[in-house]
S.K.: 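One structure follows; several queries about it will come next.
Numbering of ligands and ligand atoms starts at 1, following listing order. Every heavy atom of this structure was used, including side-chain atoms; hydrogens, water molecules and symmetry mates were not. Residue numbers start at 1 and run along the sequence shown.
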Amino acid sequence: MHQVKLADNIYYLGYNDRRTNLFENIWPIPNGVSYNSYLIDDEKVALIDTVERAFIDDYLEDIDAILQGKPVDYLVINHMEPDHSGALRAIVMKYPNITLVGNKKTFGFVESFYMKPVNTLEIHDDSTLELGKTKLQFQTIPMVHWPETMVSYEETNKILFSGDAFGSFGTLDGGVFDDEINLEHYENDIMRYFTNIVGKYCPHTQRAIKKLAPLDIKMIGATHGPIWRTNLDWVLSRYNKWSTYTTDPGVVVVYGSMYGNTQKMAEVIARQLSVRGIKDIRVYDASKTHKSYIINDIFRYKGFIVGSCAYNNAMFPNVENLITTVEHMGVREHLLGVFGSFAWNGGGVKNLMKFADSCGWDLVSDPVEEKGALKEEKYQKCIDLANAMADKILA
Ligand code: FEO
């Protein structure tokens, strides 16, 4: 097998998952995902994170091929989510004298998921671990993406092992380093990974970026996606943009519609946005497009106009699911418009307005609600809503 090295004695051990359809059993990954672990073969041997359990056999075999019988001394646990800790038990069984390296939150997770750890080394911010000619330094970055999450910085080669931070959906199809692949091909998967998985924790990501800023980083080895050694600014600037809720001047229009009346309102709104000069308009049927992609575009664009028909006196369920996720993600600093239709009592717009009241976004106009099919008066109100949104987007 090819051995991929980050430095003389530092190896990439990564595996491509093209079988899983839903990451975390929620998020579609049509382009797959990679799970990346790293091995430092020095006087002392250290693994940095492990891999998803489906790859345990390959992983153990690849470690053997490098170490040729030498034991692993340390398992550094940057992150305990099972896509990275899945081989932890297998590693401990194979190397019973191994020391698990983590922070005060890590070992509780080890015990609750796998086993009571035997040999542990608890680190704090700025703690170091000498391996020989390489030395690791640790920094905790809580909630990027779990409470125990930390990073490991290899001082000799200036490599940051960053856990989920700077990761990506998408398998590594031959190219492993950022300069071996076409980044444009990965950009959507990198953003969708961020917005779907880490997006709830933007303030924590900002704190992590600031905390790590003093480090002289020449390479980033994340637990998913490419290893960054040439275009570090490319990914760092994007993470900074996304985690500060910085958006582009476009509008996402989402609707839930049973028989097309709410959809017709969405079409009118979208057309008027275009007439007003908005170029990036993304219209989604909440029943057709998975929320993973819609959330991603909500992070990307400043405007969000959402419409729902009434369904059993409530919001249309697929719109409700999306709105619940938007609330859960805590997305900030957007412009909002609301519309919808009903047959008798309503429930779509009424419940969307509860979201409008609680989300803290700028509601650009009164909501537009039609009874039954779209008629002239509410057609004009849809035009007005689109104009109000366009005014603020173009201001
Ligand atoms: Fe890739 Fe939070 O695990």
Side-chain angles (χ1 to χ4, degrees), residues 12-38 47-56 59 75-89 91 100-103 105-110 112-114 138-152 160-172 176 186 189-209 212 220-228 235 238-239 242-243 292 295-296 325 328-330:
Y12 160 79
L13 294 168
Y15 303 89
N16 289 312
D17 181 353
R18 298 186 180 87
R19 291 194 173 194
T20 300
N21 288 312
L22 295 174
F23 188 80
E24 294 180 340
N25 212 18
I26 305 175
W27 309 107
I29 45 172
N31 299 321
V33 68
S34 68
Y35 310 105
N36 305 340
S37 168
Y38 301 92
L47 280 168
I48 315 272
D49 290 311
T50 73
V51 294
E52 214 274 342
R53 67 183 68 190
F55 300 93
I56 287 174
Y59 184 55
L75 171 57
V76 176
I77 305 169
N78 282 336
H79 185 23
M80 270 301 297
E81 193 167 4
D83 53 334
H84 310 299
S85 65
L88 186 150
R89 195 201 314 264
I91 290 293
L100 305 185
V101 181
N103 57 71
K105 299 215 170 116
T106 311
F107 304 118
F109 281 102
V110 174
S112 62
F113 275 84
Y114 302 106
F138 305 99
Q139 300 291 339
T140 57
I141 55 164
M143 304 317 299
V144 188
H145 143 234
W146 277 15
E148 87 303 356
T149 311
M150 63 185 204
V151 297
S152 308
L160 181 73
F161 297 103
S162 63
D164 280 348
F166 314 114
S168 174
F169 288 147
T171 50
L172 294 174
V176 171
Y186 281 88
D189 270 331
I190 292 169
M191 183 173 186
R192 206 163 53 82
Y193 176 80
F194 173 80
T195 59
N196 291 186
I197 308 301
V198 188
K200 178 174 172 57
Y201 304 109
C202 286
H204 306 79
T205 304
Q206 273 296 298
R207 279 199 281 280
I209 288 172
L212 302 178
I220 297 175
T223 45
H224 304 284
I227 298 168
W228 302 90
V235 70
R238 279 162 177 76
Y239 259 69
W242 301 329
S243 61
S292 165
I295 289 281
N296 197 55
T325 305
H328 171 82
M329 293 278 187

S.K.: Suppose we only allow N, O or S atoms; which atom of Asp83 ends up nearest to atom 1 (Fe) of ligand 1?
M.R.: OD2
S.K.: Quick one: do the Ser152 and Asn78 side chains pair a donor with an acceptor below 3.5 Å?
M.R.: yes
S.K.: Please name the atom of Asp164, restricted to N, O or S, that is closest to atom 2 (Fe) of ligand 1.
M.R.: OD2
S.K.: Can you check the angle at atom 2 (Fe) of ligand 1 formed by ND1 of His145 and OE1 of Glu81? Round it to the nearest 10°.
M.R.: 90°
S.K.: Within the stated cut-off of 2.8 Å, is an N/O/S atom of His79 closer than that to atom 1 (Fe) of ligand 1?
M.R.: no
S.K.: I'd like to know if the side chain of Tyr193 pairs up with that of Asp164 as donor and acceptor (distance under 3.5 Å, no hydrogens or angles considered).
M.R.: yes
S.K.: Fit a plane to each ring of Tyr201 and His145, take the angle between them on a 0 to 90° scale, and name the class: parallel (under 30°), tilted (30 to 60°) or perpendicular (over 60°).
M.R.: tilted
S.K.: Please name the pair of heavy atoms, one in Ala208 and one in Val144, separated by the smallest distance, quoted to 0.1 Å.
M.R.: CB-CG2, 4.3 Å
